[in-house]
Amino acid sequence: MTNQATTLPESFRELEPYVADWALPTRQERYDMRLSKTIDELGEFYDAIAPRAEEAIGYLNELDLNDLPDDATRLLHLLYSMVLVSYPVNVFKQPRIPDSGAAFFDTVAEPSV
Amino acid sequence: MTGIQERLATGKGKFTPLYPELGTGPVSYEDSISQEFFEAERDAVFRRSWLKVGRVEQVPRTGSYFTRDLPGLGSIVVVRQADGSVAAFHNVCAHRGNKVVWQEHPGEETKGFCREFSCKYHGWRYGLDGRVTHVTNEEQFFGLDKSALGMPRVHCDTWAGFIFVNFARDAEPLSGFLGDRMLELESYPFGEMTQHFGYKTRIKGNWKLSIDAVLEWYHPPYVHGRFIDPDVSKAEKLVPPVDAYHYDIFEPHMLTSVPGPPPLPPREPGALGPARRDQKWVYRLFRAGLFGPDDVPDVGPLPAALNKGRINSWGNDSFWLFPNFSFQIWARNFYITYQYWPESLDSHTYELDIYFPPPRNAQERLAQELVADSTIEFAMQDSNTVEATHSALATRANGKFHLSDQELLIRNFHKVIRDAVAAHQSSGER
């Protein structure tokens with residue numbers, strides 16, 4: 001990867017393989033992606049981003065949240081996705097919430113950033 | 001007792017006997033499975049109660065509007081008036097009854113900003129006050145008194161930034177309906193919590209069963225066992241003891257308060273430790289959990305009307321407004337609203353909205369994301385249980401059910417609904 005262009009801030013370029021699937025701007029897209037993956041695939045993404053997460057939060061904290069450059073916005077979206085896969089990976093051991101059957105919440109409002 | 005249970009136990013006795021009118025006997029759930037009751041309830045409760053339909057932030061300036069399509073009640077237009085007040089109208093044209101305000105899909109709600117409303121059918125126009133301002137080819141009509149025409153008004157008022165409507169012909173004042181105990185909360189800074197996450201779902205079950213599912217703190221080790229500990233016998237020991245909660249009833253409204261964990265202290269650099277597949281590590285990383293962010297934003301002084309039960313390690317107060325709305329004020333300075341709209345005897349929509357103060361940086365924003373996501377993961381489990389309950393109740397294989405002390409608000413909730421139906425029927429009103 002190191003010789004290729006990255007769409008993330010330079011120091012997070014190793015996460016580039018996850019941008020296409022997980023740097024998604026809306027909860028609905030992230031949730032749909034979660035349900036489309038196996039638990040092993042969710043675990044792989046979690047294991048890739050978790051070790052870099054504290055550093056990523058520190059990086060983003062130095063920027064104006066309401067005026068983030070595109071590369072930082074992608075990194076933030078990866079962290080939103082990490083939040084969303086954390087319960088399946090750490091608690092449920094499956095992509096769906098256990099016993100949630102047909103229940104599903106549509107997102108009708110979310111912050112623009 | 002386990003540590004958490006020793007810390008939070010109060011030695012308080014049972015609550016239900018404090019409200020002798022509730023009784024302690026078995027209850028019937030006929031009010032949730034009878035079609036006849038459902039129809040009576042729509043008339044007696046939903047057509048004559050103040051119902052929350054939005055927030056004032058949704059109508060920021062003169063001409064800002066949104067529509068609500070309320071099952072069984074109709075479509076309404078809610079709009080900010082030139083004098084700053086908020087008004088509501090039935091979304092019905094005075095000409096031939098067409099729905100006036102909609103976009104693309106007649107059955108979907110919409111929102112926007114305008115100077116006038118214009119009917120898509122024949123171009124009749126309405127001012128923000130709902131009155132007809134223009135009739136296309138007016139001279140073609142017969143004795144039309146344009147000044148008397150409009151979209152019919154629906155009673156509308158606001159409290160603490162919440163917009164309420166009432167479909168009754170004569171409605172009691174909103175402040176009287178809310179009562180002193182609710183009015184004490186008016187100074188809570190709802191209006192500063194503009195960071196909004198909103199969710200909606202449809203649940204196959206009677207709407208009251210959904211409310212039952214969140215009126216008690218008996219279910220968490222079972223419905224949410226895996227969040228707490230996959231081993232139920234351990235999960236049971238990790239929830240607060242039954243006497244740690246607080247309940248209050250101020251008919252027709254009510255309150256439940258729950259304890260919650262204190263926020264984590266600030267983290268020293270390097271203290272997080274290596275990444276682990278452990279949700280507690282995730283909570284420490286993002287500095288948040290189900291009970292809110294660990295870095296609690298300052299929102300100024302809070303009304304003394306919160307945590308009146310003085311419970312230790314206060315987590316939140318859930319205020320239940322008759323008939324279908326709850327706002328839950330959390331110790332960590334955010335609030336969640338829950339609302340349930342019956343569509344039919346065995347179906348309702350459920351709206352869950354979370355409001356935080358605007359985040360100042362990525363850390364605060366991510367903490368909010370974790371709180372919002374945790375809330376939804378829990379709520380989905382609650383919702384699915386409702387479907388299982390309704391389908392089993394509807395068999396009428398059993399007709400008598402048993403409520404423990406922890407479930408006194410369920411007892412009260414069904415009683416106030418049944419009382420409202422009985423009062424309406426005995427008054428002979430239609």
Side-chain angles (χ1 to χ4, degrees), chain A residues 27-28 30-31 34 39 42-43 46-66 68 72-73 75-94 96-113, chain B residues 109 194-204 223 225-227 230 267 269-270 272 274-283 285-288 350-354 356 358-366 368-374 376-388:
Chain A
R27 176 188 159 87
Q28 196 73 49
R30 295 189 292 270
Y31 201 82
R34 164 172 148 183
I39 190 62
L42 298 183
Y46 177 90
D47 290 344
I49 190 166
R52 302 300 312 276
E54 186 176 24
E55 206 184 321
I57 295 167
Y59 175 89
L60 293 170
N61 267 352
E62 300 299 315
L63 303 173
D64 176 354
L65 181 62
N66 295 309
L68 289 181
T73 299
L75 185 61
L76 183 63
H77 290 164
L78 287 181
L79 290 168
Y80 293 162
S81 289
M82 177 187 165
V83 169
L84 198 68
V85 305
S86 65
Y87 279 109
V89 170
N90 295 331
V91 183
F92 306 147
K93 318 295 182 198
Q94 62 182 46
R96 292 189 69 87
I97 302 172
D99 294 338
S100 65
F104 184 81
F105 277 89
D106 292 321
T107 304
V108 295
E110 64 186 326
S112 54
V113 176
Chain B
E109 296 176 345
T194 53
Q195 175 88 342
H196 175 203
F197 297 72
Y199 309 92
K200 185 175 180 179
T201 187
R202 171 171 286 120
I203 297 173
K204 286 187 267 174
V223 174
R226 284 211 224 181
F227 284 98
R267 187 170 71 226
L272 177 66
R276 284 189 280 140
R277 285 196 182 185
D278 175 352
Q279 198 64 5
K280 290 195 180 76
W281 182 85
V282 172
Y283 294 154
L285 167 69
F286 289 112
R287 297 189 54 73
Y350 173 20
E351 296 162 2
L352 192 160
D353 292 88
I354 312 176
F356 298 96
R360 289 169 304 182
N361 55 40
Q363 172 82 57
E364 290 187 356
R365 174 64 184 82
L366 283 157
Q368 293 175 354
E369 187 74 15
L370 182 66
V371 176
D373 184 53
S374 303
I376 289 302
E377 309 273 353
F378 271 72
M380 268 200 250
Q381 294 191 320
D382 290 320
S383 298
N384 209 52
T385 307
V386 172
E387 188 177 329

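Convention: sequence-line order gives letters A, B, ...; per-chain numbering from 1. Remember, predicted model here, so these are calculated numbers, not experimental data.
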Please flag which part of [X] lies under 4.5 Å from any non-hydrogen atom of chain A: side chain, backbone, both or neither.
{"X": "B:Ile203", "answer": "neither"}
{"X": "B:Arg287", "answer": "neither"}
{"X": "B:Ala372", "answer": "neither"}
{"X": "B:Ser374", "answer": "both"}
{"X": "B:Pro358", "answer": "neither"}

Region of [X] that comes under 4.5 Å of a non-hydrogen atom in chain B:
{"X": "A:Asn66", "answer": "neither"}
{"X": "A:Tyr59", "answer": "neither"}
{"X": "A:Tyr87", "answer": "both"}

field: Greatest number of heavy atom pairs closer than 4.5 Å to chain B - which of A:Ala109, A:Ser112, A:Gly58
entry: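 Sorted descending by pairs with chain B, the first entry is A:Ala109.
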- request: Output the option from A:Pro51, A:Pro111, A:Ala50 having the highest count of non-hydrogen pairs under 4.5 Å with chain B.
  value: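 Heavy-atom pairs under 4.5 Å are most numerous for A:Pro111.
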Roughly how far, to the nearest 0.5 Å, is the [atom2] atom of [Y] from the [atom1] atom of [X]?
{"X": "A:Leu60", "Y": "B:Leu366", "atom1": "CG", "atom2": "CG", "result": "7.5 Å"}
{"X": "B:Tyr283", "Y": "A:Ser86", "atom1": "OH", "atom2": "OG", "result": "7.5 Å"}
{"X": "A:Met82", "Y": "B:Asp373", "atom1": "CE", "atom2": "CG", "result": "12.0 Å"}
{"X": "A:Phe105", "Y": "B:Glu351", "atom1": "CZ", "atom2": "CD", "result": "10.5 Å"}
{"X": "B:Tyr199", "Y": "A:Gln28", "atom1": "OH", "atom2": "CD", "result": "10.5 Å"}
{"X": "A:Asn61", "Y": "B:Gln363", "atom1": "CG", "atom2": "CD", "result": "5.5 Å"}

Could you tell me if the side chain of [Y] sits less than 4.5 Å from the side chain of [X], heavy atoms only?
{"X": "A:Arg27", "Y": "B:Phe197", "answer": "no"}
{"X": "A:Asp47", "Y": "B:Arg277", "answer": "yes"}
{"X": "B:Ile376", "Y": "A:Thr107", "answer": "no"}

- prompt: So, B:Arg365 side chain and A:Leu65 main chain: donor-acceptor pair closer than 3.5 Å or not?
  reply: no
field: When B:Arg360, B:Glu364, B:Arg276 are compared by non-hydrogen pairs under 4.5 Å with chain A, the top option
entry: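 It is B:Arg276.
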- prompt: Which one of B:Glu369, B:Gln381, B:Gln368 has the most heavy-atom pairs closer than 4.5 Å to chain A?
  reply: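 The candidate making the most pairs under 4.5 Å is B:Glu369.
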message: Tell me the closest heavy-atom pair linking A:Phe104 and B:Thr201, and the distance in Å.
response: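 Looking at all heavy atoms of both residues, the closest pair is O-OG1, 2.6 Å.
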